[in-house]
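Because only heavy atoms are used, hydrogens play no part in the values below, and waters and symmetry mates are left out as well, while side chains stay in. Per chain, numbering begins at 1; letters A, B, ... match sequence-line order. Just so we're clear, the structure is a prediction, and the values are computed from it rather than from any experiment.
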Amino acid sequence: MLVSEIMLQQTQVDRVAPKYQEFLRRYPTIEALARAPVQEVKRVWYPLGYNIRPVRLHGIARETVERYGGRLPDDARTLQAMKGIGRYTAGAVLSFAFHRDAPILDTNVRRLLHRVFVGQGDPRSHRGTTALWALSEALLPRGKGYDFNQALMDFGALVCTARKPLCLLCPMRTFCHAYPWSGRDGSGTGGRVKAAPSGDRDALVPTSGAIRRTRRARGGRA
DNA sequence: ATCCGGTAGA
DNA sequence: TCTACCGGAT
């Protein structure tokens, strides 16, 4: 039941992983989750934050059982109509649970695409968001939504990190619009991203930083 | 003490 | 377009 995974995507994996296990052990099926008391679900959820999420997740489980025969809808509109599922989560469900070619855009992917293909401006402005969603969709190789999106997220989490991106390990270094020596921002800031009002500047050079968090919690199954 | 983040609702 | 939500990491 990828529903759990869905909801755990705005919290760091390190923190989610153990709870994810516990959650699936306790609610092996969407039916099990649906018939559980919402209060209990909230308790099991703790101490992951945003405690409206378990309530919504429970609601999604119930709706799925009642209206869709216990099978999560594989349609973006239907998915997004459910409280707790936004555009990103819908895309994640479609690509990761149903292996469909649906675009995703979370902060990791947003940062990655913005750096490589844009390099300036605020990735979180309305314009930026629109453009980056379009990019995410345009780049998606047909038939490879699952792998491509997975790679996008892993790369953003492991290499193109927010604080100290490992540019020296990055194969896109030579044409990345945010890479200082790519000759695109000409600012010669010596190792710093040109402008990033959103605050994702900081050293661009690898600093033996730890490679920790990824979001590998998926095992697949709908 | 500050920053970070999908979604919903205002 | 902006904010509340909730904990952990920095």
Inset, instruction - Round to the nearest Å and state the distance from A/R163 atom CZ to B/dC3 atom P. - result: 13 Å
Inset, instruction - Measure the distance from CH2 on A/W45 to P on C/dG8 and round it to the nearest whole Å. - result: 14 Å
Legend entry - A/K19 NZ - C/dC6 P separation (whole Å): 16 Å
Legend entry - Atom pair distance, as rounded to whole Å: CZ in A/R53 and P in C/dA4: 18 Å
Inset, instruction - Kindly point out which of B/dA8, C/dG7, B/dG6 is positioned nearest to the side chain of A/K83? - result: B/dA8
Inset, instruction - Compute whether any side-chain donor of one residue and acceptor of the other, for A/Y27 and A/E40, lie under 3.5 angstrom apart. - result: yes
Inset, instruction - Starting from P on B/dT7, measure out to CZ on A/R56 and report it in whole angstrom. - result: 10 Å
Legend entry - salt_bridge(A/K19, A/E22) N-O dist < 4.0 Å: yes
Inset, instruction - Considering just the side-chain nitrogens and oxygens of A/T107, establish if one lies under 4.0 Å of OP1 or OP2 belonging to B/dC4. - result: no
Inset, instruction - Establish whether the base of C/dG7 is bridged to the side chain of A/Y50 by a donor-acceptor pair shorter than 3.5 Å. - result: no
Legend entry - Rounded distance (Å) that lies between atom P of C/dC2 and atom CZ of A/R124: 11 Å
Legend entry - Modelled atom types, side-chain donor and acceptor of A/D122 and A/S125, under 3.5 Å: no
Legend entry - For atom CG of A/N51 and atom P of C/dA4, their distance in whole Å: 17 Å
Inset, instruction - Find the distance A/I85:CD1 to B/dA8:P and express it as a whole number of Å. - result: 8 Å
